[in-house]
Amino acid sequence: MDYNFNEIEKRWQHYWAKNKTFATGIDASKPKFYVLDMFPYPSGAGLHVGHPLGYIASDIYSRYKRLKGFNVLHPMGYDAFGLPAEQYAIQTGQHPKKTTEENIARYRSQLDRIGFSFDWDREVRTCDPHYYKWTQWAFLKMFAHWYNNKTDKAEPITELIKIFEREGNINVDAACSDVKSFTAQEWNSFSEREKSDILMNYRIAYLGETTVNWCPDLGSVLANDEVKEGLSVRGGYPVEQKKMKQWQLRVSAYAGRLLNDLDSLEWSDALKEMQKNWIGKSYGAEMVFQMENPNPATILESDINATADGPREYNVKIFTTRADTVFGVTFMVLAPESDWVELLTTKEQKQAVEEYIAEIKKKTERERIAQTHKVTGVFSGSYAVNPFTGEKVPVWISEYVLSGYGTGAIMAVPAHDSRDYAFAKHFNLKIVPLIEGCDVSEESFDAKDGVMCNSGFLNGKTVKEAIPLAIEEVEKRGIGSRKVNYRLRDATFSRQRYWGEPFPIYYKDGIPTPLDESELPLELPVIETFKPTSTGEPPLAHATNWNKEGYPYELSTMPGFAGSSAYYLRYMDPHNEEALVSREADEYWRNVDLYVGGTEHATGHLIYSRFWNKFLYDLGYVVEKEPFKKLVNQGMIQGRSNFVYRIKGSNTFVSAGLKDKYDTTEIHVDVNIVYNDRLDIEAFKKWQPEFQTADFILEDGEYICGWAVEKMSKSMYNVVNPDSICAQYGADTLRLYEMFLGPVEMSKPWDTKGIDGVHRFLKKFWRLFFTGKDGEFFLSDEKATPQELKVLHKLINKVDTDIQAFSYNTSVSAFMIAVNELGALGCNKKDILIPMVILLSPFAPHICEELWNLAGNTESITYATFPEYKEEYTIENSFEYPVSFNGKVRFKLNLPNQLSQEEALEAVMASDQTAKWLDGKSIRKIIVVPGRIINVVI
RNA sequence: GCCAGGGUGGUGGAAUUGGUAGACACGCAGGACUUAAAAUCCUGUGGGCAGAAAUGCCUGUACGGGUUCGAUUCCCGUCCCUGGUACCA
């Protein structure tokens, strides 16, 4: 009987769906295992062969774990809110809901064809109100909590109010935006609006004014991880910096815990490193620089008088990691967006400063990055006093100081910081070297190395000694303190878009007011136009009745990462209307044991999700501190493009080997009409009308195409659809081939030509079972020979260890070797082949299910047991000969084949080399490798 | 610039702790079966030299050094590639 994969795969996929073979429930009698894929955004283009790579790897792991007796949770869903559907809606007028549903249907049919063992009863969609109810719920919780630095966790804001009423905010140590201190008495006398404004500074989800990434083309703000090199990650539009009032999440409060808990995770070092850099912890000190006698004459009158909310702080606080260099501070620099700019600009400099700031505002982020090494800046007119030298130093304003990091102001030490150096050289400022023997005539000396000089009490100390001493002195003088700083910033949580979760917030007399939990979900209203209004308001302003009892709802929606931050929890209990996840389900499934997905989420989703989980942990809703225990990053599958070469000004195409003899243009050609880089000329002529009359210059009667590795995309004509591979070779072949291509973590180009090899393997495997009369299914009951047992048990061991190490490509090779060996032995024994079927079933489930069934099993192979490895069957024809240890020299000898243990020892002892190296020492170990090499360890 | 990870045949890629480099597969070449094609099977396949052949020898894991009886593996230097980051004080 032939291997009819199309028929087999269709039949078993139907069987699995009908019997809910992969449905999972809580089962206390079995250990749990949670395998999760990063759920896809269902784009209009559908899946190409690159997308399922990670899904196949995790599916193999899931099926393997089931065979090992685990209760495996392996769900799938859709990250269905997002920009592309909305951009498409703006262009075509199609409602995003409709296109999203169509795309999901297409994804589902493509996924189903590959034979995944997902529990589809647990599917989630982020755009479903039953789902986003819980996204909104988490937002309300964040709104109703603040971060207490003393207990290092989130606590209810109602408790904070009680503290304020009792003792004001003097003893409160919170992660918060800048707040003035107040007494209990003052608090109690504040108006509702004032109280609301103050509390907003403490909330974990808060409305606050900051510099945001504004993308005019998308009409929305973006989070830091959604911007790369000054362009939006989605769409590649330019981004600029803008000060705006936006919803934000106080992720920065969790920076320390996000960093520390990385140690407990089984993630790749590269990924942990990325998160560490993104969080960016640095140790240093904060220090206040007195402004030189804030001389009222040099300060603008308006600022002096603008003291309605208390005394304004003219003195500038800075952050530095090099407190030891304070004797070398010859000027200070403020970020252009800093509040101090307005305060410290003198009348004389006002015009120059305003011009400079206007200039900066005009630049996009991209332009700023491109001109990184161009020095710009302006003098504010004010001076500060160096607290250690007493010297008067000018205060400058420059874009090289960032408002979002530290305090938005720096002390500049040109001798020992390359940026300060460039600035000092450009504006002719003083440079004072502080390290003995360093040469700062050409460049700064940035290394934390050497012995201090020109530094008062620090003279003679090394840099490493000087840093803590300087900080100590700063603290003693009461002008600053030790400080840990993080690069991680709060996440911008508003998007001026339609296709996202609405905020459960309305504005009562302008005060942001949360809905009650019982009012959730607040459903997204249906609208017709998706563009901003003529007054520049977000699309939700088009909605009628978008208000609560006349008070308007928030017009922004939540960003893409909102819905994906807790989806792994929802899968545990997807139909629960009372809770995000029940306590029972959470305590059983706990967290994700294996998470598979791309590195592109390193600084976005994987930070937000960890933050979200920790927040819910603080509130007692989840039991684990971390959501994803082990994480594997699958590599990207790139496209392999083919080219033809047209001679310029003609319709003649020249084969790749001869193209250098002509002046040609390189043209992408559809990879689906190229086989082994040979062009199907007839198909090419039909491909596009302009090629109908094409002529060809061939080599050896064939047209050879050129090739290159590029991104898989329609415009390069290199997209390979998994559906067509399934139709031609079957899903099992596709699964095996994707694994066989190379390690899961590695990026590699897709090249269909190698697929025949694994397909051939499956056919050979199939044939082992059809040895009866007329090629019918037949397995012998005969006992297996030692040789056959060795083949099997070597394979069991290899597959077992390989799967755990995620080394699927070598596993597939091991299967090929085993099948070739069994084929050569003519083995058709039940003892051997039935365990083989079980072993292969995670990789190629359809064919194995079929063979398992033909062998008389009525239950799915999913419920079979992984065969047990017995070492005694696999002992190699080699031995170790242990002798007493007396040294560590190892060497090898060439000896004839087929020596017994005694003969080998004898030969070793008789050899000249042994005599040479032995030299009074004794032999520790002799290793005979099959063949003729002997290692002798002395 | 900084951080991380890489560089092995024509191609994708193997190689426990340093121990037969190139498993497995593609491709290619030759052969068998077939009227023919497809399918299937067999043989060869890093480079070089010698030999009629079995075979033998030399060389070879980006480049240059080092440690070692022995290095794809460890150390130092150089070049190149990929990913992350981009004035983070």
Side-chain angles (χ1 to χ4, degrees), chain A residues 2 228-230 268-278 280-282 284-285 318-323 325 332-333 335 365 368-375 398-402 404-413 416-420 422-423 446 485-489 599-600 602-603 633 635-636 640 676-677 707 736-737 740-743 745-761 763-764 767 801 805 807 809-818 820 823 888-894 913 916-917 927 929-938:
Chain A
D2 281 346
K228 204 163 273 183
E229 288 167 1
S268 71
D269 290 341
L271 196 77
K272 284 188 187 180
E273 202 59 37
M274 263 188 241
Q275 289 216 341
K276 276 181 195 162
N277 291 340
W278 190 260
K281 185 176 189 174
S282 54
I318 59 94
F319 173 78
T320 180
T321 55
R322 292 294 302 275
T325 60
M332 295 185 70
V333 188
E365 187 65 3
R368 250 175 110 156
I369 289 166
Q371 300 165 3
T372 285
H373 295 292
K374 204 176 145 197
V375 179
S398 171
E399 59 181 328
Y400 87 86
V401 174
L402 306 173
Y405 182 77
T407 62
I410 61 154
M411 63 179 212
V413 186
H416 302 289
D417 183 289
S418 50
R419 298 153 301 178
D420 298 345
F423 195 81
D446 290 14
N485 220 339
Y486 294 98
R487 203 185 80 112
L488 184 70
R489 291 181 223 174
T599 358
E600 65 272 22
T603 52
N633 288 120
M636 291 248 291
R640 188 178 187 278
N676 294 335
D677 292 337
W707 62 273
L736 275 173
Y737 184 55
F740 185 69
L741 270 176
E745 298 90 334
M746 202 183 276
S747 288
K748 56 239 157 187
W750 174 270
D751 188 353
T752 306
K753 79 180 177 189
I755 203 168
D756 289 318
V758 285
H759 189 62
R760 226 166 266 161
F761 155 74
K763 283 197 266 188
K764 281 186 206 169
R767 245 180 284 134
T801 51
S807 178
N809 55 331
T810 50
S811 260
V812 178
S813 294
F815 276 115
M816 289 177 175
I817 295 168
N820 280 340
K888 56 177 179 181
V889 176
R890 296 169 128 228
F891 63 94
K892 64 184 180 185
L893 293 171
N894 289 342
Q913 278 196 58
K916 187 169 146 206
W917 292 111
I927 303 165
V929 180
R932 54 203 154 75
I933 307 295
I934 294 192
N935 286 326
V936 181
V937 183
I938 306 180

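The shown structure was predicted, so the numbers you read here are calculated from the model rather than taken from an experiment. When reading the values below, keep in mind they use all heavy atoms of this one structure, side chains included, and skip hydrogens, waters and symmetry mates. To find a chain, count down the sequence lines: A is the first, B the second, and so on, and within it residues start at 1.
The side chain of A:R487 lies closest to B:rU85, out of B:rG12, B:rU85, B:rA89. In this structure, the nucleotide among B:rA89, B:rA86, B:rA4 sitting nearest to the side chain of A:W278 is B:rA86. Looking at the side chain of A:F740, the nearest of the listed nucleotides B:rC24, B:rG13, B:rA86 is B:rC24. Of the candidate nucleotides B:rA89, B:rC87, B:rA14, B:rA14 has the atom nearest to the side chain of A:N809. Of the candidates B:rU85, B:rC41, B:rA25, the closest approach to any side-chain atom of A:K764 belongs to B:rC41. Among B:rC24, B:rC41, B:rG83, the nucleotide with an atom closest to any side-chain atom of A:R767 is B:rC41.
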Please enumerate all protein N or O atoms sitting under 3.5 Å from an N or O of nucleotides 27-33 of chain B, with distances to 0.1 Å.
none

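A:T599 comes within 4.0 angstrom of no nucleic acid atom, judged by non-hydrogen atoms across all strands. Within 4.0 Å of A:I410, counting heavy atoms only, lies at least one base atom of the nucleic acid. Nucleic acid contact class of A:R489 (heavy atoms, under 4.0 Å, all strands): base. Contacts of A:L402 with the nucleic acid, taken as non-hydrogen atoms under 4.0 Å apart, include base atoms. Among the atoms of the strands shown, none is found under 4.0 Å from any heavy atom of A:V413. Counting non-hydrogen atoms under 4.0 angstrom, A:P749 reaches nothing in the nucleic acid. No engagement by A:K276 is indicated, since no non-hydrogen atom pair under 4.0 Å with the nucleic acid exists.
Nucleotide B:rC74 forms a Watson-Crick or G-U wobble pair with B:rG66, both donor-acceptor distances falling under 3.5 Å. In this structure, B:rG22 makes no Watson-Crick or G-U wobble pair, since no nucleotide meets both defining distances under 3.5 angstrom. Across all strands shown, B:rC49 forms a Watson-Crick or G-U wobble pair with B:rG56, both key distances being under 3.5 Å. Across all strands shown, B:rA36 remains unpaired; no Watson-Crick or G-U wobble contact has both distances below 3.5 Å. Across all strands shown, the partner of B:rC2 is B:rG84, judged by Watson-Crick or G-U wobble contacts whose two distances both fall under 3.5 Å. If you check B:rA29 for Watson-Crick or wobble pairing at under 3.5 angstrom, you find it paired to B:rU43. As the counterpart of B:rA14, no nucleotide is assigned, since no Watson-Crick or G-U wobble pattern has both distances under 3.5 Å.
Classified by interplanar angle (parallel below 30°, tilted 30° to 60°, perpendicular above 60°), the ring pair A:F815/A:F761 is tilted.
No side-chain heavy atom of A:R322 sits less than 4.5 Å from a side-chain heavy atom of A:D417.
Regarding A:F423, its CZ atom lies at a distance of 16 Å from the P atom of B:rC87, rounded to whole Å. Rounded to an integer number of Å, the gap from A:M411 CE to B:rA89 P is 12 Å. With rounding to whole Å, A:E273 atom CD is found 15 Å from B:rG84 atom P. Whole-Å rounding puts the A:D446 CG to B:rA89 P distance at 12 Å. Atom CZ of A:R640 is separated from atom C1' of B:rC26 by 11 Å (rounded to the nearest Å). For the pair A:Y737 OH and B:rA25 C1', the computed distance is 9 Å after rounding to whole Å.
If you take atom C1' in B:rC28 and the same atom in B:rU67, they sit 42 Å apart, rounded to whole Å.
OP1 or OP2 of B:rG84 lies within a sub-4.0 Å distance of a side-chain N or O belonging to A:K228. Side-chain N/O atoms of A:S268 include none lying less than 4.0 angstrom from OP1 or OP2 on B:rG5. At the phosphate of B:rA89, neither OP1 nor OP2 sits under 4.0 Å from any side-chain N or O atom of A:Y400. Contact check, A:N820 against B:rA25: a side-chain N or O comes under 4.0 Å of OP1 or OP2. Taking 4.0 angstrom as the limit, A:K763 places a side-chain polar atom (N or O) nearer than this to OP1 or OP2 of B:rU40.
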Problem set entry | Test side chain to side chain donor-acceptor pair (under 3.5 Å) applied to A:S418 and A:D446, step by step | CA-CA 7 Å; A:S418 50; A:D446 290 14; 3.2 Å; yes
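Summary of the strand contacts: A:D751 and A:P743 both lie near RNA chain B, and taking for each the nucleotide with the nearest heavy atom, the more 5' one is attributed to A:D751. Nucleotides of RNA chain B nearest to A:D269 and A:E399 differ in position, and the one nearer the 5' end is that of A:D269.
Annotation: cation-pi pair A:R640/A:W750 absent, no NZ/CZ under 6.0 Å from the ring centroid and within 45° of its normal.
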